[in-house]
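Below: the structure, in structure tokens.
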Amino acid sequence: MSKTADIRLPDPSRWKALAFIALAQLMVVLDATIVNIALPHAQTALGITDANKQWVITAYALAFGGLLLFGGRIADLWGRKRTFVVGLIGFALASALGGAAQNQGMLFGSRALQGVFGALLAPAALSLLAVTFTDAKERAKAFGIYGAIAGGGGAVGLILGGFLTQTLNWRWTFFVNIPFAVIAAAGAYFVIREPAGSRNRSPLDIPGVVLSALGLVSLVYGFTRAESSGWSDPLTVGMFVASGVLLLSFVLTEAKVASPLLPLRVVMDRNRAGVYLSLGLAVIGMFGLFLFLTYYLQVVRGYSPIRTGFAFLPMIAGMITGSTQIGARLMTRVPARKLMGPGFLTAAVGMLLLTQLEVDSSYAALILPAQLLLGLGMGTAFMPAMSLATHGVEPRDSGVASAMVNTSQQVGGAIGTALLNTIAASAATAYGTSHAALGATDPQLLKLQSMVHGFTGAIWWAVGILVVASAIAVTFITAGRPPTAPAGSGSGDADGVEDEFKVPVVAH
């Protein structure tokens, strides 16, 4: 007697579905940076104090980072398509509220709502991609496009934010999300077909939801507060301690409950753990680039917001090339670690070039090649990372596995912003103090030199972090090259998870 492993036929509308999933992902990713460009104008218009302006960013980060695991589980429970559409509609309404804000309370509230619906939308988008594209070669192409958008969307946000802020006003950095969301929601409703039998209808793990949300919010807020109040601030320390206790309690709870929010089998897999960890570290380095280059170009070199946005184009081009032409073409031929490890190292070399920044550095000779290397490296690494993070999980776990990818990026971004900005500020202060004592005569020049010295000091740390990310990818990730045959339906083995890249076989 024999049985043949179930092989699901591919959805004929899958490439149309990819277009709408990618559009939604672009909206979420660019929103993370588009608001940064508009923030000074919004602050002036609404009378937001310097002490409170961080909440435009922090309100979104806390809601998004804290609820991602919950959003992933909701996608598995409700269905990914339904969660995706609800997330898009909610994100559009929250964006409309932000664009119409008449005071800081409305703006902060709209940003928190964007974070809530973003936490539904982001894991639903990635898990839809994971269950829609099961053939290895098609999966490589689809994740190549998705990886390019995930990596380059932030830079697109800088360009779009600069253009809208200068030509219209800051409110359009919110309103622009509405057409993105409406088109993606309509397309998803009519085009996307979620595979049958892929939901996880187990009861919702309420203790897990509460512990994970509070733990992640405490962690993200701890790093956010450290940036403004210092690492020794009592509330900062308290947030880190609370986060440790809550997340440890979450892990212990998940090991005991019958229907966990985050099945530990998802993160205990060596390959996925390597992806989550290395990706989170790499994002720390990426945030260093966005943060410091934006300030360098606008404050030190005097670029306008639009010109600053266009100055990031080489990195976008590098990311698209790395994802679609290198990562996607090689993913079915070589193991993921042989793309991720060299990819992160290439990005580290690009970051290394930026340690040579000076007040009058040439854009063409230094910043442009550095961005190209960063883009190529990150694009090459991101694509197999996104694919491997969701490959081999049961369909019923794909939402929460996707949420873990977003969680690692979100926490990495919070750590990167706080850690690298703190290092830069300390180095700049020390440089300014020492050179003022030596009799520097031009205070304005000294201020700019101190700022650039701080940037380069922090960028050295980013280089080291990217090297560590490369080492983790090479060491932890052992999955071989994926098969060229279509993947199975996703039914797991005895431990509830498929072996990575298992080929459907006939059992006798």
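Remember, predicted model here, so these are calculated numbers, not experimental data.
When side chains are defined from C-beta on, V275 does not count as touching F476, because their heavy atoms never get closer than 4.5 Å. Contact check for F292 versus M451: no side-chain heavy atoms found under the 4.5 Å cut-off. No side-chain heavy atom of V283 sits less than 4.5 Å from a side-chain heavy atom of S408. Put simply, the side chain of L376 reaches to within 4.5 Å of the side chain of I326, judged on heavy atoms. Considering only heavy atoms from C-beta on, M27 comes within 4.5 Å of L88 through its side chain. Put simply, the side chain of L219 does not reach to within 4.5 Å of the side chain of M239, judged on heavy atoms. For the pair L46 and L107, the minimum side-chain heavy-atom distance is below 4.5 Å. With a 4.5 Å cut-off on side-chain heavy atoms, M340 and S278 count as touching.
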| said: Pair L235, R225 - check side-chain contact (heavy atoms from CB on, under 4.5 Å), show working. | reply: CA-CA 8 Å; L235 184 55; R225 185 173 176 83; 3.4 Å; yes
| Stepwise, does the side-chain contact (heavy atoms from CB on, under 4.5 Å) test hold for L121 with V86? | CA-CA 8 Å; L121 177 58; V86 169; over 6 Å; no
| task | Decide side-chain contact (heavy atoms from CB on, under 4.5 Å) for V176 and L164; before the verdict, give the C-alpha distance in whole Å, the side-chain angles of both, and the deciding distance to 0.1 Å. | result | CA-CA 9 Å; V176 73; L164 292 172; 3.9 Å; yes
| side-chain contact (heavy atoms from CB on, under 4.5 Å) evaluation trace for L216 with L68 | CA-CA 9 Å; L216 289 171; L68 271 168; 5.7 Å; no
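Summarising the geometry of G432 relative to L446, their closest heavy-atom pair is O-CD2, 3.9 Å, with the distance given to 0.1 Å. When all heavy atoms are compared, the tightest approach of L113 to A94 is CB-CB, 3.7 Å. The heavy-atom pair separating A119 from A63 by the smallest distance is CB-O, 4.4 Å. Across every non-hydrogen atom of A100 and M106, the tightest pair is O-CE, 3.9 Å. In this structure, A92 and A181 approach most closely via the heavy-atom pair CB-CB, 3.6 Å. Taking each heavy atom of I472 and G274 in turn, the nearest pair found is CG2-O, 4.0 Å.
Atom OH of Y363 is surrounded by more than 12 heavy atoms from other residues, nucleotides or ligands within 6.0 Å.
Distance alone, capped at 3.5 Å, places no donor-acceptor pair between the Q114 side chain and the F91 backbone. Between the side chain of R337 and the main chain of A473, no donor-acceptor pair closer than 3.5 Å is present. T456 contributes a side-chain N or O that, together with a main-chain N or O of V452, makes up a donor-acceptor pair within less than 3.5 Å. Judged purely by atom type and a 3.5 angstrom limit, S243 uses its side chain to pair as donor or acceptor with the backbone of G215. Judged purely by atom type and a 3.5 angstrom limit, H435 uses its side chain to pair as donor or acceptor with the backbone of Y431. Checked by atom type and distance alone, the side chain of R171 pairs as donor or acceptor with a backbone atom of A101 at under 3.5 Å.
The aromatic rings of W170 and F174 lie perpendicular to each other, with more than 60° between the two planes, well past the 30° mark. Relative orientation of the W172 and F175 rings is perpendicular, given thresholds of 30° and 60° on the angle between their planes.
Between atom CZ of residue F312 and atom CG of residue L368 there is a gap of 12.5 Å, rounded to the nearest 0.5 Å. The distance from atom CD1 of I178 to atom CD1 of I183, rounded to the nearest 0.5 Å, is 12.0 Å. One distance of note links CG of L18 with CG of L23; it measures 11.0 Å at 0.5 Å rounding. Residue M319 holds its CE atom at 11.5 Å from CG of L372, rounded to the nearest 0.5 Å. Taken from CG in N421 to OG in S426, the straight-line distance is 9.5 Å, to the nearest 0.5 Å. Between the CG atom in L247 and the OG atom in S218 there is a gap of 8.0 Å [rounded to 0.5 Å].
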Quiz: residues 342-359 side-chain donor-acceptor pairs under 3.5 angstrom, not counting sequence neighbours:
from: T346; atom 1: OG1; to: P342; atom 2: O; distance (Å): 2.8
from: T355; atom 1: OG1; to: L352; atom 2: O; distance (Å): 2.5

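In this structure, W55 has its ring center closer than 6.0 angstrom to the ring center of Y221. In summary, the aromatic rings of F20 and F84 are positioned with their centroids too far apart to meet the 6.0 Å limit. Checked against the 6.0 Å centroid threshold, W231 and F223 count as a close aromatic pair.
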